[in-house]
Visitor: 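This is the structure I have questions about; it appears just below.
Chain letters run A, B, ... following the sequence lines, proteins first and then strands; every chain starts at 1.
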Amino acid sequence: MKGNGIEMRGLTVTYASRMGTVNALSGINLTVPSGSVFGFLGPNGAGKTTAMHVLLGFITPTSGHASIFGEDVQGSIARQRIGYLPEHPIAYRFLTGREYLQMAGSLFLLEPTQIKSRAKLLLGQLDLIDAADRRISTYSRGMMQRICLAHTLMSDPDLLILDEPTGGLDPSGRMKIRMMINDLRTRGKTIFFSSHELSEVELMCDSVAILADGEIVAEGKPAALVGEDKSLERYFLRVTGTEKEIGP
Amino acid sequence: MKIRRIITIAKTVWLEALRRKDVYVLLILLGIMIVAVMSLDIFGLGGVVGYVKDVGLLAAWFFGMVVAITISTRQLPDEEKANTIFPLLAKPVTRAELLTGKWAGATVSATIAMLACYLLLAVLVKLKGGAFEGFTFLQCYLLHAWAIGVICAIGILFSTRLNKDAAATLSYVTAGAAFLLIPQIPRIVVNAQCVQRSGLLVLYYIMPHLELFDMRRRMVHDWGPASWSSLLYVMIYGLVLIGLLLVLSWLAYRRKVLSRADLF
């Protein structure tokens with residue numbers, strides 16, 4: 001595969017607000033190798049989603065540069081290889097699950113036979129076959145999350161950007177998503193995801209980066225970072241300065 | 001721009017219009033309105049076929065405008081509010097494709113809804129013992145569909161930067177003015193003073209002329225079909241207008257920062 005999965009160099013995003021200038025990201029440098037599972041962590045408001053939105057071309061950075069497999073993120077070529085699952089994803093409620101997947105396939109210009117077989121495969125893998133022809137408005141929270149993940153995977157993307165993919169799911173729902181991520185890892189896909197479930201991150205990620213107030217405060221393999229803190233959770237609380245908020 | 005992506009986005013708009021109840025409710029209300037107005041028999045005109053045609057076509061124009069503005073102005077704001085815009089634009093879909101697809105979907109949905117309205121009107125006219133002349137009916141519908149295309153483009157333009165209520169209000173004002181007030185400007189301009197005159201003329205030339213698409217009088221008074229060359233000129237004018245409005249929409253939307261409302 002051409003280049004690293006993700007590269008961010010001096011990425012800065014500032015917003016003008018009524019409170020003055022807000023630095024959402026302050027000169028971030030990050031490299032995510034192709035084929036790795038990378039955890040992007042940080043407290044709420046740290047800038048994780050902003051960084052993801054820059055990668056997806058929703059936000060133009062104030063300065064710096066970001067690329068995906070060597071392609072600038074502002075062009076639509078980079079997005080040809082991305083699958084994105086937003087936090088609390090919502091699908092078109094008036095479509096059926098199958099129609100929603102067909103729509104994704106068409107937007108990626110896949111062949112109709114390919115769309116049909118891929119939709120069938122994903123509906124099966126994510127346990128949605130029985131609900132495939134039901135309107136999405138009748139789906140439960142977990143089913144909504146899974147149909148959105150299937151939508152994300154329709155083009156068999158090389159890079160998956162997942163914003164809290166297991167957020168708000170019950171243990172069985174989380175397990176299904178984790179199994180799917182593991183399956184994608186074995187197939188050599190690059191996965192870049194944010195999560196507040198640090199035990200999950202420790203279990204699944206090759207590397208992590210921790211973001212606080214728009215800056216990367218730690219980066220490396222989870223086992224190497226933890227050290228004396230014994231768990232990623234403790235380490236996270238210490239480096240993000242949130243430890244004092246919860247007391248001893 | 002890939003046509004298949006535009007069609008896919010447009011198809012989603014059609015499916016939404018088809019599966020939501022609001023268009024059906026509007027159509028039923030329109031039917032009730034026409035029947036009620038006809039049954040009033042004002043000045044003994046209730047039985048006159050021309051009167052039925054006049055009222056029915058006016059209602060069809062009103063209905064077409066309401067449906068076109070309702071569908072077109074909600075597309076982008078609803079996507080942004082529900083956050084469904086993010087997975088959509090995370091795909092290799094350009095913003096130009098998104099806008100064109102939304103416009104095409106809204107236009108076709110409103111035009112099909114309007115066809116139901118025209119068919120209802122044709123049945124009512126038939127019940128009154130009259131009929132529409134085939135070619136004129138076709139031309140009237142065609143130009144009306146073109147006007148719907150322009151109105152949808154106006155709706156899309158306003159909704160790129162405004163919420164759906166504000167976009168709908170501005171679209172009603174613009175379409176209403178373009179249809180009712182702008183054609184009156186040449187008459188007003190004769191008695192206007194220098195600056196006022198220039199201002200009115202600028203307004204006259206920059207605003208869309210929706211009255212050009214209106215063949216109601218020809219239908220009501222049975223004047224027969226318009227020449228196809230005139231029709232062609234009006235259609236070309238409509239296409240240029242739609243193109244300009246979509247380019248303006250793209251300029252307004254291409255760099256719009258899309259952020260989740262709950263982000264900060």
Visitor: In sequence, state the C-alpha distance, the side-chain angles, and the governing distance for Glu99(A) and Arg135(A), and then conclude on salt bridge (Lys or Arg N to Asp or Glu O under 4.0 Å).
Guide: CA-CA 9 Å; Glu99(A) 284 169 345; Arg135(A) 294 251 180 109; over 6 Å; no
Visitor: Determine the option with the most heavy-atom pairs under 4.5 angstrom with chain A, choosing from Ile9(B), Thr12(B), Ile6(B), Val93(B).
Guide: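 Highest number of heavy-atom pairs under 4.5 Å: Thr12(B).
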Visitor: Counting only non-hydrogen atoms closer than 4.5 Å, does Lys11(B) touch chain A with its backbone (N, CA, C, O), its side chain (CB onward), both, or neither?
Guide: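 Neither part.
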Visitor: Where does Thr60(A) contact chain B at under 4.5 Å (heavy atoms): side chain, backbone, both or neither?
Guide: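 Contact with chain B is through the side chain of Thr60(A) alone.
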Visitor: Measuring heavy-atom distances to chain B, does Ala104(A) have an atom under 4.5 Å in its side chain, in its backbone, in both, or in neither?
Guide: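 Contact with chain B involves both backbone and side-chain atoms of Ala104(A).
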Visitor: Heavy atoms only: give me the nearest Ala104(B)-Ala10(B) pair and the separation to one decimal.
Guide: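 Nearest heavy atoms, Ala104(B) then Ala10(B): CB-CB, 4.1 Å.
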Visitor: Examine whether an atom of Lys91(B) lies under 4.5 Å from a heavy atom of chain A, and if so say whether it belongs to the side chain, the backbone or both; otherwise answer neither.
Guide: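 It is both, since atoms from each part get that close.
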Visitor: Measuring heavy-atom distances to chain A, does Arg95(B) have an atom under 4.5 Å in its side chain, in its backbone, in both, or in neither?
Guide: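 Side chain of Arg95(B) only, per the 4.5 Å heavy-atom cut-off to chain A.
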Visitor: Identify which part of Glu97(B) has an atom lying under 4.5 Å from any heavy atom of chain A, answering side chain, backbone, both or neither.
Guide: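 Contact with chain A is absent: no heavy atom of Glu97(B) under 4.5 Å.
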Visitor: Is the backbone of Glu197(A) close enough, under 3.5 Å, to the side chain of Ser195(A) for a donor and an acceptor to pair up by distance?
Guide: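 Yes, because the side chain of Ser195(A) sits within donor-acceptor range (under 3.5 Å) of the backbone of Glu197(A).
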Visitor: Is Arg74(B) paired with Asp22(B) through a side-chain N to carboxylate O contact shorter than 4.0 Å?
Guide: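 Yes.
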Visitor: Of the listed residues (Arg5(B), Glu79(B), Lys2(B), Arg255(B)), which shares the most heavy-atom pairs with chain A below a 4.5 Å separation?
Guide: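 Top count of heavy-atom pairs under 4.5 Å with chain A: Arg5(B).
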Visitor: Below 6.0 angstrom between ring centroids: does that apply to Phe58(A) and Phe86(B)?
Guide: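 Yes: the rings meet the under 6.0 Å criterion.
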Visitor: Identify which of Leu109(A), Leu95(A), Ile82(A), Leu85(A) forms the greatest number of heavy-atom pairs closer than 4.5 Å to chain B.
Guide: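 Option with the greatest count: Leu109(A).
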Visitor: Run the salt-bridge test on Lys164(B) and Asp78(B) with the 4.0 Å N-O cut-off and return the result as yes or no.
Guide: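 Looking at Asp78(B) together with Lys164(B), the answer is yes, because their closest N to O distance falls below 4.0 Å.
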Visitor: Would you check, one step at a time, whether the test side-chain hydrogen bond (donor to acceptor under 3.5 Å, both in side chains) holds for Thr14(A) with Thr62(A)?
Guide: CA-CA 6 Å; Thr14(A) 55; Thr62(A) 313; 3.3 Å; yes
